[in-house]
Amino acid sequence: MKRRRPTHRGMTLTEVLLATAISTALLVAVSAAFKASADAVAINDSYFRCTQMTRLAMGQVVGELRRADAVQVDPAGAFVDVIRPPDQLTANEISRRYYYDAKSKRLTLRILYAGNYLGPEYELGAHLTSCKFGPAEIGLDAAKAAVVLHVPITMTCSIGASAFTLNGSAAPRRAQRY
């Protein structure tokens, strides 16, 4: 009769170390893929917010310019002042200034009230690497007074290596009446 050798159950130390090394490599690869995916989602979210904010700011500025009674554009293109029709003014409002600060890369709105009182500063856009108003096209109305006929606007928003440029323009309706 033959004697059977006893079978060993379990793994050897070499097998355990090899299995641990393979598992560790897989976990590192999965965590790297997860981090890359999370970073891509964060960058896409920031870019989407930047582009959406730029579109909203452009829409607000263009809308105000179209409804304006009078417009004055800075020759350097950093700001535009809007005088709204009397029926649209808030209490004691004189004008609204849309101003681009290149240093802080922000587009803001300030309302000038009677008595040279400046209202609070409202941020309309951030991460704007450039924003330019004009040069405005000037024409004459029926009374031969110089009025702004057309204001081109360019805004560029940047997040990381991605940039988004939006161009718009507005013609104040007051200028169209004459």
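The first residue of the sequence shown is numbered 1, and numbering continues consecutively from there. If you're wondering where the values come from, they're calculated on a predicted model, not measured in any experiment.
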Nearest-0.5 Å distance that lies between atom CD1 in Ile159 and atom CZ in Arg49: 11.0 Å
Stepwise side chain to side chain contact (heavy atoms under 4.5 Å, CB included) check, Arg106 with Leu128: CA-CA 6 Å; Arg106 297 179 336 134; Leu128 291 173; over 6 Å; no
Between Ser158 and His127, a side-chain donor and acceptor under 3.5 Å: no
Nearest non-hydrogen partners of Met155 and Cys131, listed with the distance: CG-SG, 3.7 Å
Inter-residue atom distance Phe133.CZ - Tyr99.OH, 0.5 Å rounding: 11.0 Å
Sub-4.5 Å side-chain heavy-atom contact between Val62 and Gln60: no
Note, Val80 side chain near Leu65 side chain (heavy atom, < 4.5 Å): yes
Minimum heavy-atom distance Pro152-Pro135, with the two atoms named: CD-O, 3.4 Å
Single-linkage hydrophobic cluster, 4.5 Å side-chain cutoff, Tyr117 and Ile111 together: yes
Leu56-Tyr98 co-clustered via ILVMFWY side chain contacts under 4.5 Å: no
From Leu112 atom CG to Asp81 atom CG, the distance as rounded to the nearest 0.5 Å: 8.5 Å
Atom pair CG (Leu18) and CG (Leu13), whose distance is rounded to the nearest 0.5 Å: 11.0 Å
Arg67 CZ to Ile83 CD1 distance, which is reported to the nearest 0.5 Å: 15.5 Å
Worked check of side chain to side chain contact (heavy atoms under 4.5 Å, CB included) between Thr90 and Arg96: CA-CA 11 Å; Thr90 59; Arg96 294 178 175 219; 4.0 Å; yes
Glu93 and Ser95, any side-chain heavy atoms less than 4.5 Å apart: no
Within one Ile-Leu-Val-Met-Phe-Trp-Tyr cluster: Ile153 and Leu107, side-chain cutoff 4.5 Å: yes
Atom pair SG (Cys157) and CG (Leu166), whose distance is rounded to the nearest 0.5 Å: 10.0 Å
Thr165 and Thr156: side chain donor to acceptor below 3.5 Å: yes
Arg110 side-chain N/O to Gly119 backbone N/O, donor-acceptor pair under 3.5 Å: yes
Heavy-atom side-chain contact between His150 and Ser169 under 4.5 Å: yes
Chi angles and distances behind the side chain to side chain contact (heavy atoms under 4.5 Å, CB included) call for Val148, Ile138: CA-CA 5 Å; Val148 173; Ile138 307 294; 3.8 Å; yes
Short side-chain to backbone donor-acceptor contact, Asp74 and Ala78, under 3.5 Å: yes
CA sep, side-chain torsions, deciding dist, call: Val71, Val151, side chain to side chain contact (heavy atoms under 4.5 Å, CB included): CA-CA 9 Å; Val71 173; Val151 181; 4.2 Å; yes
Cluster check Met58, Val73: I/L/V/M/F/W/Y, side chain < 4.5 angstrom: yes
Backbone of Tyr47 reached by a side-chain donor or acceptor of Thr51 within 3.5 Å: yes
Nearest heavy atoms of Ala170 and Arg66, plus distance in Å: CB-CG, 3.9 Å
Shared hydrophobic cluster for Leu124 and Phe79 (ILVMFWY, side-chain gaps under 4.5 Å): no
Exercise: do Asn167 and Thr154 side chains pair donor with acceptor under 3.5 Å: yes
Any donor-acceptor pair under 3.5 Å from Glu64 side chain to Val61 backbone: no
